[in-house]
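In each ligand, atom 1 is the first atom listed, and ligand 1 is the first ligand listed.
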Amino acid sequence: MRSLDDLLAEGVSGRRVFLRADLNVPLDKTTRAITDDGRIRASLPTVQALRDAGARVIVSAHLGRPKGAPDPQFSLAPVAARLGELLGTTVPLTADVAGDDARAKAEALGDGDVLLLENVRFEAAETSKDDAERGKLADRFAALADVYVDDAFGAVHRKHASVFDVAQRLPRYAGRLVARELEVLTRLTTDPLRPYVVVLGGSKVSDKLAVIEALLPKVDRLLVGGGMCFTFLAAQGHGVGRSLLEADQVDTCRRLLAEAGDRIVLPVDVVCAPEFSAEVETTVVPVDAIPDGQMGLDVGPRTVEAFGAELGNARTVFWNGPMGVFELAPFQAGTRGVAQAVAAVDGLSVVGGGDSAAAVRQLGLDEDAYGHISTGGGASLEYLEGRELPGLVVLADGSGQ
Ligand SMILES: Nc1ncnc2c1ncn2[C@@H]1O[C@H](COP(=O)(O)OP(=O)(O)OP(=O)(O)O)[C@@H](O)[C@H]1O
Ligand SMILES: O=C(O)[C@H](O)COP(=O)(O)O
C-alpha cells in the first residue's frame with residue numbers, strides 16, 4: 001500500500017488529487033448544524049499535507065443515506081463551511097457530484113486550493129451493486145484528477161464508486177488517517193497484550209453478533225452493555241420488560257453464551273424507566289427484576305463497577321457502542337463510567353464507532369486519555385472481524401495504475 005509520504009516524495013505540486021474522506025458527521029435534526037465535527041478534524045492532516053505540497057485537492061465524501069438523488073437535507077454545505085473554517089480558507093462546494101459544475105470548479109483550482117464535491121450518494125451509481133454502473137461514475141471521478149488518495153477509513157468497508165472503483169483507475173495512496181487507523185487496529189488483531197477486553201454496547205444486536213462470534217476466540221473478556229445486552233439477558237431466561245429485544249437473535253445469543261463460558265460478561269443491574277425522556281423517573285433494578293412495563297435504558301452502578309474491575313486488569317481494550325441512551329441525562333452514567341474506566345486502562349485503549357466517539361466528546365471526557373479514537377464504526381468492527389474490506393483491498397493491490 002503506497003502512503004501519502006510516497007506521494008509527497010514523488011511530488012504532487014500542481015497535480016489534482018481526488019481525496020475520499022469520511023465527513024459523515026452527525027447533524028442536529030432541526031437546525032442541521034454539525035453536532036460533532038470529529039471526523040472533519042480527523043481528515044485535516046491529510047488535506048493540510050496535500051495543500052502544503054501544492055496539490056489541488058478535490059475532496060469527495062458522503063453524508064447520511066440519501067436515496068440516490070439530490071436531497072437538500074443531505075447537502076454537504078455545512079461540512080464545506082466547517083472544513084473551510086478549520087483550514088482557514090474557503091472551500092467551495094460543487095452543485096453536482098461529478099458533472100459540469102464539478103469539472104469547471106476542479107479545472108479552476110490553483111495549487112493548494114481545496115474543493116468539496118457534493119454528497120457522492122446523490123448519484124445512485126455510487127452505492128450500486130452493479131459493477132458497470134459504479135464504473136461509469138468512477139470514470140467521471142477519475143477524469144477530474146491525476147491521483148487518488150483514500151483517507152475515508154470509516155467507509156473502507158463499502159464497495160462504492162468513490163471508495164473502490166475510482167481507486168482502480170488512478171495511482172492510489174492511503175491517507176494519514178487510514179494509515180493511523182490501520183496501525184492501531186493491527187495492534188488489536190496481532191498479538192494484543194493480555195488481558196484483552198472488548199466492550200460492546202449500542203443498539204444494533206444483529207449487526208454486532210457476527211463481530212462477537214469472530215472476537216470470542218481472541219479475547220479474554222467481552223463485556224456487553226447498551227441496548228444489545230437485553231437479547232443476551234433474555235437468552236439467560238430473564239424477563240426484559242419493554243427493553244430493546246431482537247427476539248429472533250435470542251437462540252444465537254444463547255449459543256454464544258454457552259460457547260463463551262465466563263468470557264462474556266453481562267450487566268448485573270440496569271437503570272429502568274417507563275419511557276425515553278429526560279424528565280422521567282428512573283429506578284435501578286437487578287437484571288432478574290426488570291418490571292414488565294419498563295425499559296432498561298442504561299447499565300446500573302454495580303455493572304459499572306464490575307466492568308471497571310475487568311477493565312482495571314486489562315492491557316488492551318477495544319470499546320464500541322454506548323452503555324445506555326447517553327443522549328439523555330438520566331441514562332448517561334453507565335457510558336460515562338465505562339468511558340472513564342477505558343481511559344484509565346494501563347495499556348492500549350481504542351474507542352471505535354461514531355456514537356462512542358461522540359459520547360466521549362459530548363460527556364466532556366479527555367480525548368487524549370485514549371490510545372486511539374477510531375473514526376470507523378462498521379469499518380473498525382469489520383476490520384476486527386477479519387473481513388476483507390474493499391477500500392483496503394484496492395489500495396493494497398499494486399497492479400495496474
Ligand atoms: N438500553 C438501550 N436502549 C435503547 N437504545 C440504546 C440503549 N443503549 C444504547 N442505546 C442507543 O444506541 C445508540 C448507539 O448504537 P450504535 O450501535 O449505533 O453505536 P455505535 O456502534 O457507536 O455507532 P455507529 O454504528 O454509528 O458507529 C445510541 O443512540 C444509544 O442511545
Ligand atoms: O458512519 C459511518 O460508519 C460511515 O460514514 C459509513 O456510513 P454508512 O454506514 O452509511 O455507509
Side-chain angles (χ1 to χ4, degrees), residues 20-27 35-36 38-40 42-43 61-67 74 76 79 119-121 126-127 151-160 162-164 177 181 199-209 211 224-233 240-246 267 270-273 275-276 278 282 287 290 294-300 303 318-335 338-339 351-362 373-384 389-391:
R20 178 60 160 99
D22 182 5
L23 307 179
N24 189 23
V25 288
L27 300 181
T35 53
D36 181 60
R39 277 181 167 159
I40 305 178
S43 72
H62 71 278
L63 183 67
R65 294 179 176 175
K67 300 200 173 359
F74 292 104
L76 280 169
V79 173
N119 193 341
V120 285
R121 292 187 182 174
E126 166 69 7
T127 57
D151 215 20
F153 180 75
V156 289
H157 58 319
R158 302 293 182 215
K159 194 175 184 182
H160 292 172
S162 66
V163 177
F164 180 76
L177 178 62
E181 295 270 12
V199 192
L200 287 181
S203 51
K204 305 167 194 156
V205 184
S206 35
D207 278 15
K208 294 183 188 175
L209 280 178
V211 181
V224 181
M228 61 189 292
C229 75
F230 298 99
T231 307
F232 281 94
L233 291 171
V240 296
R242 294 196 296 114
S243 307
L244 201 72
L245 175 70
E246 288 191 32
V270 290
V271 181
C272 284
E275 56 180 309
F276 277 89
T282 63
V287 288
I290 300 174
Q294 303 243 335
M295 289 179 274
L297 295 175
D298 194 8
V299 298
T303 303
F318 177 75
W319 169 38
N320 169 278
M323 293 293 103
V325 183
F326 74 98
E327 298 90 339
L328 300 176
F331 313 109
Q332 277 176 358
T335 301
V338 164
V351 182
D355 280 300
S356 325
V360 164
R361 290 187 278 266
Q362 276 168 33
I373 300 190
S374 174
T375 52
S380 54
L381 289 174
E382 287 194 22
Y383 185 86
L384 293 185
L389 309 183

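Under a 3.5 Å cut-off, the side chain of E181 and the backbone N or O of T375 do form a donor-acceptor pair. In this structure, N24 contributes its side chain and G64 its backbone to a donor-acceptor pair below 3.5 Å. Side-chain atoms of Q362 do not come within 3.5 Å of backbone N or O of E327 as any donor-acceptor pair. Side chain of N119 to main chain of F74: a donor-acceptor pair is present (N/O by atom type, distance under 3.5 Å, no hydrogens or angles). Under a 3.5 Å cut-off, the side chain of T335 and the backbone N or O of M323 do form a donor-acceptor pair. In this structure, the side chain of S243 engages the main chain of G296 through a donor-acceptor pair within 3.5 Å. Looking only at distances, a side-chain donor or acceptor of D298 sits under 3.5 Å from a matching main-chain atom of G334. Of the possible donor and acceptor atoms, one in the side chain of N320 sits under 3.5 Å from a partner among the backbone N and O of G352.
Evaluation of the side-chain contact (heavy atoms from CB on, under 4.5 Å) rule for V211 yields L215, L381, E385 as partners, not counting sequence neighbours. Every residue two or more places apart in sequence or in another chain that forms a side chain to side chain donor-acceptor pair (under 3.5 Å) with E246 is listed here: S206. Listed by chain and number, the residues in a side-chain contact (heavy atoms from CB on, under 4.5 Å) with L244 are S203 (sequence neighbours excluded).
Of the heavy atoms in F331, none comes closer than 4.0 Å to ligand 1. Of the heavy atoms in E327, only side-chain atoms (C-beta onward) come closer than 4.0 Å to ligand 1.
Distance from atom 9 (C) of ligand 1 to its nearest protein heavy atom, with residue and atom name: G324 O, 3.2 Å. Among protein heavy atoms, atom 17 (O) of ligand 1 sits closest to K208 NZ, 3.0 Å. At the shortest separation from atom 25 (O) of ligand 1 among protein heavy atoms lies K204 NZ, 2.7 Å. Taking atom 27 (O) of ligand 1 as the reference point, the nearest protein heavy-atom neighbour is G354 N, 2.6 Å.
Proximity of V205 to F230: side-chain heavy atoms (C-beta onward) are nowhere separated by under 4.5 Å. Residues L177 and D22 have side chains not in contact (no heavy-atom distance under 4.5 Å, counting atoms from C-beta outward). Using a 4.5 Å heavy-atom threshold, the side chains of L200 and M228 count as touching.
Contact atoms of ligand 1 toward G226: 1 (N), 8 (N) (distance under 4.0 Å to a heavy atom of the residue). Taking every heavy atom of G227 and a limit of under 4.0 angstrom, the matching atoms of ligand 1 come to 1 (N), 2 (C), 3 (N), 7 (C), 8 (N), 9 (C). Ligand-side atoms of ligand 1 in range of G321: 22 (O), range being under 4.0 angstrom from any heavy atom. Listed by number with element, the atoms of ligand 1 under 4.0 angstrom from any heavy atom of N320 are 21 (O). Counting the atoms of ligand 1 from 1 in the order shown, those under 4.0 Å from a heavy atom of S203 are 12 (O), 13 (C), 15 (O), 16 (P), 17 (O). Close approach of ligand 1 to G353 is summarised as follows: ligand atoms under 4.0 Å from at least one heavy atom of the residue are 22 (O), 27 (O). Against a heavy-atom cut-off of under 4.0 Å, G377 is close to the following atoms of ligand 1: 27 (O). Atoms of ligand 1 lying under 4.0 Å from any heavy atom of S356, numbered from 1 in the order shown and given with element: 22 (O).
For the pair D355 and ligand 1, the shortest N or O to N or O distance falls below 3.5 Å. Between G296 and ligand 1, at least one pair of N/O atoms sits closer than 3.5 Å.
The closest approach between G378 and ligand 1 stays at or above 4.0 Å for every heavy atom of the residue. The closest approach between M228 and ligand 1 stays at or above 4.0 Å for every heavy atom of the residue.
Near ligand 2, residues D22, N24, R39, H62, R65, R121, G154, R158 each place a heavy atom inside the 4.0 Å sphere around the ligand atoms.
Pairing each heavy atom of V163 with each of V156, the nearest pair is CG1-CA, 4.2 Å.
Proximity annotation for atom 6 (C) of ligand 1: of V211, T335, V325, V325 comes nearest, heavy atoms only.
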